[in-house]
There are 2 protein chains.
Amino acid sequence: MGASKTENFTAKQNQIAVIAKAMGHPARIAIIDYLLKVDTCICGDIVNEIKLAQPTISQHLKELKNAGIIKGNISGTAICYCIDEKALQTFQKYFNNLETKLEKKKLNCC
Amino acid sequence: MGASKTENFTAKQNQIAVIAKAMGHPARIAIIDYLLKVDTCICGDIVNEIKLAQPTISQHLKELKNAGIIKGNISGTAICYCIDEKALQTFQKYFNNLETKLEKKKLNCC
DNA sequence: TTATTATATTGCAATATTACGATAAATAAT
DNA sequence: ATTATTTATCGTAATATTGCAATATAATAA
């Protein structure tokens, strides 16, 4: 197969999985880290920062954008990318809830 | 290619990506959700809960285990799976740091 | 207009993932 | 010992991902 059976899961589960999947590659974590590190929004110096070819970086940026983790503004010939908080906040909400539940049932388990 | 160039990234970036990738499938989010919902540790009723074939579930469990998100104890013919907190805590630490940095630079951006 | 610069898209090869049927392995029950 | 139960593994098909060279696109600069 190769395709996930998304229809078997809740909208929330699919949503969280999409965000997590977008973060599931070290290049994309590196891009997020870099966008957080630099104060100004960044475009193509990501290519200099990360040792991957330009089309590969472009593809990773696209996936982060599709997942709602980053957004981009055209500014001249360059495109200024930056973190889009929405998806990350959705994820954080899920994750904090998860950790709260975990603490409540500590030691109930193997 | 199809293989990530992990050597280009830091150990931390690779570690976070591995955990995120393991969470990057709705079935695995559903498994995590289920393990959190039930009070006792769970084995094969995950197969009843999630509409995927047993080998598929087994494979997803293996990936969660490899990422350190769950652990399993043999108990008779069954295997009792439960959440393993370590990886999730590592991830949460990364994520909280990310959100802290984000708040500091609000409005600096596109 | 013709470069130049920055990014995206296309096309492709290598590899990984997802899913499942068939089967194996391991323990428990009869 | 035989049978049932539970989970893992193997093999395989369909699809997705990763990465890059080549090329296209779009905006600015000369």
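Everything numeric here is computed off the predicted structure, so don't read it as measured data. All values below come from the heavy atoms of this structure, side chains included, with hydrogens, waters and symmetry mates left out. Proteins get letters first, then strands, A, B, ... in listed order; numbering begins at 1 in each.
We find that A:E49 and A:K37 are joined by a salt bridge, their nearest charged nitrogen and carboxylate oxygen being less than 4.0 Å apart. Residues A:E85 and A:K71 are not paired through a salt bridge, judged by the lack of any N-O separation under 4.0 Å between the basic side chain and the carboxylate.
Ring geometry, B:H25 versus A:F9: the interplanar angle exceeds 60°, so the pair is classed perpendicular (tilted spans 30 to 60°).
The side chain of B:A53 sits closest to C:dG21 out of C:dT7, D:dT9, C:dG21. For B:T77, whose side chain is taken as the heavy atoms from C-beta onward, the closest listed nucleotide among C:dT7, D:dT6, C:dA8 is D:dT6. Set against C:dA19, D:dA8, D:dA22, the side chain of B:I79 has D:dA8 as its closest nucleotide. In this structure, of C:dA19, D:dT18, C:dA26, it is D:dT18 that holds the atom nearest to the side chain of A:E63. Taking every side-chain heavy atom of A:S58 into account, C:dT9 is the closest of C:dA6, C:dC20, C:dT9. The B:P55 side chain lies nearest to C:dG21 when the options are D:dA26, C:dG21, D:dT6. When each of D:dA8, C:dA8, D:dG19 is scored by its nearest atom to the side-chain atoms of A:L61, the top-ranked nucleotide is C:dA8.
A:R28 and A:A22 make their closest contact through NE-O, 2.6 Å (heavy atoms, listed as atom of the first residue, atom of the second, distance).
In terms of phosphate contacts, B:Y81 brings a side-chain nitrogen or oxygen within less than 4.0 Å of OP1 or OP2 of D:dA8. Residue A:H60 has no polar side-chain atom (N or O) positioned under 4.0 Å from OP1 or OP2 of D:dT17.
Comparing B:K5 and A:A3 by the nucleotide of DNA chain D whose heavy atom lies nearest to each, the residue mapping closer to the 5' end is A:A3. Nearest-nucleotide positions on DNA chain C place A:Q54 closer to the 5' end than the other of A:Q54 and B:I74. Nearest-nucleotide assignment on DNA chain D puts the 5′-proximal partner with B:K62, out of A:K21 and B:K62. Each of B:G24 and B:G76 was assigned the nucleotide of DNA chain C with the nearest heavy atom; the assignment lying further toward the 5' end belongs to B:G24.
Contact annotation for A:T56: base contact, defined as any heavy-atom pair under 4.0 Å involving a base atom. A:Q59 comes within 4.0 angstrom of a base, heavy atoms only. Counting any heavy atom pair closer than 4.0 Å across all strands shown, A:L52 reaches sugar-phosphate atoms only and no base atom.
Atom P of nucleotide D:dT15 and atom NE2 of B:H25 are separated by 15 Å, given to the nearest angstrom. Rounded to whole Å, the distance from CG on A:N73 to P on D:dA27 is 14 Å. In this structure, A:L64 places its CG atom 16 Å from C1' of C:dA8, rounding to the nearest Å. B:I57 has its CD1 atom 9 Å from the P atom of C:dA19, to the nearest Å. As a whole-Å value, the separation of A:I70 CD1 from C:dT7 P is 12 Å. Atom CD1 of A:I29 is separated from atom P of D:dT18 by 12 Å (rounded to the nearest Å). Atom-to-atom, CG of A:N8 to C1' of C:dC20 comes out at 13 Å; the value is rounded to the nearest Å. Between B:N66 atom CG and C:dT18 atom P the separation is 13 Å, expressed in whole Å.
Judged by distance alone, the side chain of A:Q13 and the main-chain N or O of A:T10 form a donor-acceptor pair under 3.5 Å. B:N14 places no side-chain N or O within 3.5 Å of a backbone atom of A:P26 that could act as its donor or acceptor partner.
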